[in-house]
Number of protein chains: 4
Amino acid sequence: MLDAAVKVFSRRGFHAASMDEIAEDAGISKPMVYAYLGTKEELFVACLHREGTRMMQAIAGAAAPDLPADERLWRGLRAFFGFVGAHRDGWAVLYRQARGEQPFAGELATMRARLVEVVAGMLDHALRAEGREIAAIDLEVVAYALVGATESLADWLADHPDADPEKTATRMMNVAWLGAAQLLHGVTWRPPAD
Amino acid sequence: MLDAAVKVFSRRGFHAASMDEIAEDAGISKPMVYAYLGTKEELFVACLHREGTRMMQAIAGAAAPDLPADERLWRGLRAFFGFVGAHRDGWAVLYRQARGEQPFAGELATMRARLVEVVAGMLDHALRAEGREIAAIDLEVVAYALVGATESLADWLADHPDADPEKTATRMMNVAWLGAAQLLHGVTWRPPAD
Amino acid sequence: MLDAAVKVFSRRGFHAASMDEIAEDAGISKPMVYAYLGTKEELFVACLHREGTRMMQAIAGAAAPDLPADERLWRGLRAFFGFVGAHRDGWAVLYRQARGEQPFAGELATMRARLVEVVAGMLDHALRAEGREIAAIDLEVVAYALVGATESLADWLADHPDADPEKTATRMMNVAWLGAAQLLHGVTWRPPAD
Amino acid sequence: MLDAAVKVFSRRGFHAASMDEIAEDAGISKPMVYAYLGTKEELFVACLHREGTRMMQAIAGAAAPDLPADERLWRGLRAFFGFVGAHRDGWAVLYRQARGEQPFAGELATMRARLVEVVAGMLDHALRAEGREIAAIDLEVVAYALVGATESLADWLADHPDADPEKTATRMMNVAWLGAAQLLHGVTWRPPAD
DNA sequence: TATGAATGAGCCTTCATTCAT
DNA sequence: GATGAATGAAGGCTCATTCAT
């Protein structure tokens with residue numbers, strides 16, 4: 001039943017989507033939508049939740065925690081872009097909506113935070129394996145940047161129906177891993193003395 | 001006068017913002033808003049345009065084309081995060097809005113395309129200086145990822161009022177440049193044979 | 001439910017009538033008006049249509065085609081003025097509105113054209129019975145004039161609540177039939193040689 | 001200066017005409033329009049007044065009171081249709097507007113009443129010359145019908161840019177005079193006994 | 001005097017949301 | 001339990017009308 005909601009939200013955007021259309025598309029009457037899923041906002045959150053959970057599961061299922069870091073990252077990225085590629089007009093557009101509407105900023109921030117945490121955890125794990133360590137905040141920000149870059153490529157993928165998810169994952173891996181690998185080996189960049 | 005519009009659009013989002021509130025916030029009456037800036041959509045586009053132009057100028061003014069690539073990138077990033085830091089609830093949120101609302105996707109895509117082009121140009125320039133070359137589409141995607149990571153950190157900066165723009169720029173530079181530098185020297189990552 | 005709309009349109013005129021007033025007058029809420037009858041323009045057209053149809057039916061029902069021409073004309077006129085007398089603030093004022101507002105000129109022209117056609121047909125029929133014939137355009141214009149005179153008396157009737165519809169019909173018959181009868185017998189008027 | 005107002009009212013209709021457009025078309029600023037001619041309604045009345053007066057003068061100038069009745073009627077009609085033909089989009093449309101908008105019904109009724117009075121006077125004069133007489137109210141209604149027929153043909157003329165005013169006047173004269181002449185000679189029509 | 005600039009008021013229209021059946 | 005019917009509330013936009021210059 002959420003399927004109808006996801007479809008309509010994707011096609012129209014949050015505000016332009018009307019409860020009428022969602023109900024009709026779901027084949028039930030509007031009061032039922034309210035009875036089962038509450039307010040329009042709650043409905044959207046529910047959609048977001050389900051899609052987010054599915055995505056996280058896809059990633060988690062692919063990137064087993066006992067693999068080496070680069071392998072985990074690669075599998076995770078591949079799963080992620082695969083998921084987005086398969087739900088182009090589903091998740092990606094829904095996600096884009098959520099970024100803009102304040103009521104959902106929190107929900108989205110939570111989802112992203114989970115991703116960031118995972119990525120940061122990977123980096124941290126790899127660092128410690130090399131006997132190195134960097135400040136938690138730096139770790140978080142770098143992870144945040146990587147997640148941001150990934151989302152950005154997901155947008156790009158959603159906008160290019162003919163693009164290949166796997167190849168996109170490879171490109172992202174190039175950007176992410178080469179930089180991360182440097183960081184892992186202690187190479188850092190410092191601002192010039194001005 | 002656009003200031004009021006930017007403020008309200010930032011606080012409420014495009015749809016939730018009412019022309020009434022914008023007018024009141026600007027200290028003028030609604031018909032004046034229409035007289036000066038036209039439709040709500042046109043008003044939003046005007047905001048987007050002004051903020052975008054200002055940002056591009058800030059970046060272009062800082063990153064002179066005759067500097068070495070890393071220097072340009074660093075200065076550009078510093079200017080960018082400085083700008084976002086100074087217009088937290090202005091630009092960043094405006095930008096977030098524009099990503100979500102279909103009517104403005106085009107306007108925004110144009111702005112981002114300019115940024116991507118600049119970054120891609122920088123990378124290409126540096127590559128050629130090393131006698132190397134990569135496919136245009138790869139260049140574009142990598143640039144796209146870097147821009148995405150940067151936007152993502154900008155979001156993070158906008159959400160953390162106490163964070164330091166310059167430090168954020170440094171972090172971004174670490175991620176971007178270390179990875180880019182590797183690419184520039186011919187190091188690439190390849191997916192395992194599965 | 002159209003009744004309320006007809007009443008308000010009559011009292012205020014098309015533009016001055018507000019959907020609020022129509023809804024209140026109908027004892028329902030505004031969204032219902034939109035749900036049932038659509039746009040203000042569509043609502044007006046619906047009023048026009050219903051009143052027009054009723055009137056045409058009243059006339060057609062009274063003036064059977066197999067009667068002699070003068071009998072048909074008389075019965076038609078009597079039915080017409082009877083109808084207008086019974087719907088004074090309904091049809092007559094509605095009709096006056098429609099004449100003025102461009103969007104409805106077409107709708108009205110169609111109705112009037114049907115009337116003109118009927119009248120012209122009657123005249124033509126009577127002429128042929130006398131073995132005579134006149135140019136189609138002359139027939140049309142004469143019919144047009146008769147219809148105009150009739151509408152004009154309808155206005156007069158609508159403005160004089162105490163006047164008797166039947167008597168008004170008799171007067172119109174005097175003007176119309178005496179002139180028409182002359183024409184039917186070949187008497188025509190020619191402009192002086194100047 | 002009224003010219004601009006007449007032009008705009010004709011082209012757009014009363015409500016659709018904006019004071020802005022009128023002012024601009026007149027080449028002066030809006031406050032001047034208000035200073036010279038007051039409210040939009042007053043302005044429209046002024047237009048109506050001027051056009052009406054001009055028309056009455058055209059008719060009065062042509063139909064000298066000392067002519068025989070048929071001659072007067074003919075000349076009056078010719079002058080009238082000539083005037084309408086020369087001011088097609090001016091007077092006719094203005095007139096049509098006035099019929100629909102209640103605030104002007106009074107003004108228009110006055111103008112029409114003057115015409116009716118003139119026509120009724122002519123008929124009465126001719127009747128008395130024949131030593132006959134009919135009730136004032138009957139006279140008025142017949143005159144009203146003739147005026148109505150005439151207005152109706154004026155509308156027709158305004159809608160047919162290629163039609164010839166003089167010919168239209170002749171047609172009207174046929175309808176009006178043949179019927180009127182009968183009345184003048186005591187021929188009347190009576191409703192059948194049912 | 002003439003005007004640019006400003007506004008109060010209101011209208012059409014649309015939805016998210018809920019009773020009464 | 002399910003729905004058709006109904007609505008409160010609000011929003012974008014326009015325009016006749018008037019100050020302050």
Side-chain angles (χ1 to χ4, degrees), chain A residues 1 5 8 12 14-24 26-44 103, chain B residues 1 5 8 12-24 26-44, chain C residues 1 5 8 12-24 26-44, chain D residues 1 5 8 12 14-24 26-44 103:
Chain A
M1 172 175 326
V8 174
R12 304 268 190 237
F14 176 71
H15 270 105
S18 81
M19 293 300 266
D20 286 85
E21 187 175 357
I22 290 173
E24 187 182 0
I28 61 177
S29 79
K30 236 186 323 176
M32 281 300 96
V33 177
Y34 280 88
Y36 287 146
L37 296 158
T39 283
K40 191 186 186 187
E41 280 196 8
E42 290 167 353
L43 174 54
F44 189 85
Chain B
M1 167 168 331
V8 174
R12 304 271 190 234
F14 176 72
H15 270 105
S18 82
M19 294 299 267
D20 284 271
E21 184 175 359
I22 292 174
E24 187 180 0
I28 60 177
S29 74
K30 223 184 337 174
M32 280 298 96
V33 178
Y34 280 90
Y36 287 143
L37 296 158
T39 290
K40 192 185 186 185
E41 280 200 6
E42 290 169 354
L43 173 55
F44 190 84
Chain C
M1 168 169 332
V8 174
R12 304 270 190 233
F14 176 72
H15 271 106
S18 83
M19 294 300 265
D20 283 271
E21 185 175 358
I22 291 174
E24 187 180 2
I28 60 177
S29 76
K30 228 186 330 175
M32 278 299 96
V33 178
Y34 280 89
Y36 286 143
L37 297 158
T39 291
K40 192 185 187 185
E41 280 200 6
E42 290 168 353
L43 173 55
F44 190 84
Chain D
M1 170 174 327
V8 174
R12 305 267 191 237
F14 176 71
H15 270 104
S18 80
M19 295 299 266
D20 286 83
E21 186 175 358
I22 292 173
E24 186 182 1
I28 61 178
S29 78
K30 235 187 324 178
M32 282 299 96
V33 177
Y34 280 87
Y36 287 145
L37 296 159
T39 284
K40 191 186 185 185
E41 280 196 8
E42 290 167 354
L43 173 55
F44 189 84

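Proteins come first, then strands; the chains are lettered A, B, ... in the order of their sequence lines, and each starts at number 1. What you see is a predicted model; the values in this text were computed from it and never measured.
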* Rounded to whole angstrom units, what separation is found between the NZ atom of B:K30 and the P atom of E:dA5? -> 21 Å
* Structure fact -> note: C:E24, atom CD; F:dT7, atom C1'; distance rounded to Å ~ 14 Å
* Asked: What are the two closest heavy atoms between C:S29 and C:A23, and how far apart are they?
  -> C-CB, 3.9 Å
* To do: State the pairing partner of F:dA10; accept Watson-Crick or G-U wobble contacts with both distances under 3.5 Å, and report none otherwise.
  => E:dT13
* **5′-ward residue of the pair C:Y34/D:P31 relative to DNA chain E** => D:P31
* Closest-nucleotide ordering on DNA chain F, the 5'-leading residue of B:T39 and D:G38 -> B:T39
* To do: Report the distance from atom CD1 of B:I28 to atom P of E:dG8, rounded to the nearest whole Å.
  => 12 Å
* Asked: C:M19 has an atom CE; how far is it from atom P of E:dT14, in whole Å?
  -> 10 Å
* Structure fact -> CZ (B:F14) and NZ (B:K40) are apart, to the nearest 0.5 Å, by 5.0 Å
* **From CE (D:M19) to CD1 (D:I22), nearest 0.5 Å** => 5.5 Å
* Length of the NE2-C1' vector between B:H15 and E:dC15, whole Å -> 12 Å
* **N/O (side chain, D:S29) to phosphate O (OP1/OP2, E:dG4) under 4.0 Å** => no
* To do: Quick one: pull up CD in D:E24 and OG in D:S18 and give me the separation to the nearest 0.5 Å.
  => 8.5 Å
* Is any side-chain N or O of D:S18 closer than 4.0 Å to OP1 or OP2 of F:dT14? -> no
* To do: Return the value, rounded to whole Å, for the distance between atom CG of C:D20 and atom C1' of F:dG8.
  => 12 Å
* When the distance from CD of B:E41 to P of F:dC13 is rounded to whole Å, what number comes out? -> 8 Å
* Any D:Y36 side-chain N or O less than 4.0 Å from OP1/OP2 of E:dA2 -> yes
* To do: Please examine the side chains of D:E42 and D:L37, heavy atoms only from C-beta on, and report whether any two atoms are closer than 4.5 Å.
  => no
* Structure fact -> By nearest-nucleotide position on DNA chain E, the 5'-leaning member of A:F14 and C:A17 is C:A17
* To do: Send over the distance from A:M32 CE to E:dT17 C1', rounded to a whole Å.
  => 14 Å
* Which base sits across from F:dA20 as a Watson-Crick or G-U pair, both distances under 3.5 Å? -> E:dT3
